There are 2 protein chains.
Amino acid sequence: MANSKLYKGSLSTIILKLLDEEGKMYGYEITQKVKAITKGDLKITEGALYPALHKLEAEGLLDVEVAKVDNRLRKYYKLTEQGEKETVNRLAELEEFIRSMQQLVKPKWSIQ
Amino acid sequence: MANSKLYKGSLSTIILKLLDEEGKMYGYEITQKVKAITKGDLKITEGALYPALHKLEAEGLLDVEVAKVDNRLRKYYKLTEQGEKETVNRLAELEEFIRSMQQLVKPKWSIQ
DNA sequence: TAATATACATAAATTTCTTATGCATAAATT
DNA sequence: AATTTATGCATAAGAAATTTATGTATATTA
């Protein structure tokens with residue numbers, strides 16, 4: 001997708017939001033979920049995702065739990081208490097950002 | 001603003017869109033327009049704006065015309081023909097991106 | 001058996017921004 | 001009168017967030 005470059009700055013917020021919804025998820029699952037929700041428009045690359053998860057964990061916003069399923073490794077992440085609070089803040093900021101962007105790109109000849 | 005970091009990747013599209021609307025604008029005018037439209041939420045810094053304008057010009061999407069008003073320099077930018085075509089594409093991508101983001105951050109308990 | 005899907009990870013390079021700094025004129029404030 | 005704020009341009013250093021490339025390993029599908 002051509003616009004897969006556009007989510008810079010919001011990846012960690014997306015991760016937090018999904019974890020808030022799902023309770024716990026592992027990395028690969030997150031990439032698939034985002035692809036499904038956006039119908040393929042947003043593709044989170046592994047090179048972006050894993051460092052982002054590690055950073056959120058280092059910041060104390062995520063806890064990790066390793067599991068082995070079908071002989072394959074999975075690292076399940078979930079929000080810490082601090083992570084839940086931070087999710088609220090970051091979502092509010094992202095929604096504000098989206099509103100601003102809409103103001104800027106709204107059609108030239110729209111009513112109002 | 002805390003979320004002024006979130007527009008990475010979309011600045012050039014914002015510039016193109018504004019020039020498409022206004023016909024021609026100079027740098028400082030663009031910063032003020034964005035501030036006004038977003039009610040102060042998005043502030044385009046000069047360190048981001050001027051390099052972005054120069055890049056768009058180098059890519060052949062903008063033409064520049066220097067003017068002196070009140071003994072002060074102004075560089076008016078306007079879309080080239082190619083710039084107009086590119087604006088359509090980038091706006092479509094940005095709108096698609098915004099839609100994707102909305103899907104991702106929509107409230108947990110919303111209907112549907 | 002070869003390709004695709006699943007699952008993790010990291011490093012180099014790139015892009016895009018922030019922050020800091022600089023120059024200059026005009027208007028407003030103290 | 002002097003200082004600050006607004007107007008207007010610009011660039012450079014540094015930071016942050018990505019992309020791209022690469023690596024390892026197992027399971028499933030064609």
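On a predicted model such as this, the values are computed, not experimentally measured, just so you know.
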Value in whole Å for how far the P atom of C:dT10 lies from CD of A:E57: 11 Å
Side-chain N,O (A:N71) to OP1/OP2 (D:dA25) below 4.0 Å: no
Which of the following nucleotides, C:dT18, C:dC8, D:dC9, is nearest to the side chain of A:E46? C:dC8
Would one find a side-chain N or O of A:H54 under 4.0 angstrom from OP1 or OP2 of C:dT10? yes
Please determine whether a side-chain nitrogen of the Lys or Arg among A:E95 and A:R99 lies less than 4.0 Å from a carboxylate oxygen of the Asp or Glu. no
The single option from B:T87, B:N89, B:L94 passing side-chain contact (heavy atoms from CB on, under 4.5 Å) against B:L16: B:T87
By nearest-heavy-atom nucleotide on DNA chain C, the more 5' of A:Y26 and B:A52 is A:Y26
For A:I44 and D:dT20, what is the distance between atoms CD1 and P respectively, to the nearest whole Å? 15 Å
Take the protein atom NZ of A:K33 and the nucleotide atom C1' of C:dT6, then report the distance between them rounded to whole Å. 18 Å
With DNA chain C as reference, determine whether A:P51 or A:L73 sits nearer its 5' end, using the nearest nucleotide of each. A:L73
Minimum-distance pair of heavy atoms, taken over all atoms of A:A48 and A:P51: O-CD, 3.6 Å
What closest approach, in Å, do A:L53 and A:G27 show between heavy atoms, and which atom pair accounts for it? CD1-CA, 4.1 Å
Under 4.0 Å between a side-chain N/O of A:R74 and OP1 or OP2 of C:dA7, yes or no? yes
What is the distance from CD of B:E29 to P of D:dA6, rounded to the nearest Å? 18 Å
With salt bridge (Lys or Arg N to Asp or Glu O under 4.0 Å) as the test, would you mind laying out the steps for B:R90 and B:E86 before giving the verdict? CA-CA 6 Å; B:R90 296 213 197 174; B:E86 188 61 18; 3.0 Å; yes
Please determine, for the side chain of A:Y28, which listed nucleotide (C:dT18, C:dT6, D:dA6) has the closest atom? C:dT6
Would one find a side-chain N or O of A:K75 under 4.0 angstrom from OP1 or OP2 of C:dA9? yes
Could you state the atom-to-atom distance from NZ of A:K35 to P of C:dA7 in whole Å? 13 Å
Atom pair distance, as rounded to whole Å: CD1 in A:I15 and P in D:dT18: 8 Å
When pairs are called at under 3.5 Å and a stem needs at least three consecutive Watson-Crick or G-U pairs, the stems of DNA chain C are C:1-30 with D:1-30
With heavy atoms under 4.0 Å as the rule, sort B:K55 into base, sugar-phosphate or nothing. sugar-phosphate
Of the listed nucleotides C:dT19, D:dA10, D:dT26, the one nearest the side chain of A:R72: D:dT26
Taking any heavy-atom pair under 4.0 Å as a contact, classify A:G27: base, sugar-phosphate, or nothing. sugar-phosphate
According to a 4.5 Å side-chain heavy-atom criterion applied to Ile, Leu, Val, Met, Phe, Trp and Tyr, with indirect links allowed, do A:Y76 and A:L79 form part of one hydrophobic cluster? no
Presence of B:Y50 side-chain N/O under 4.0 Å of D:dC9 phosphate oxygens OP1/OP2: yes
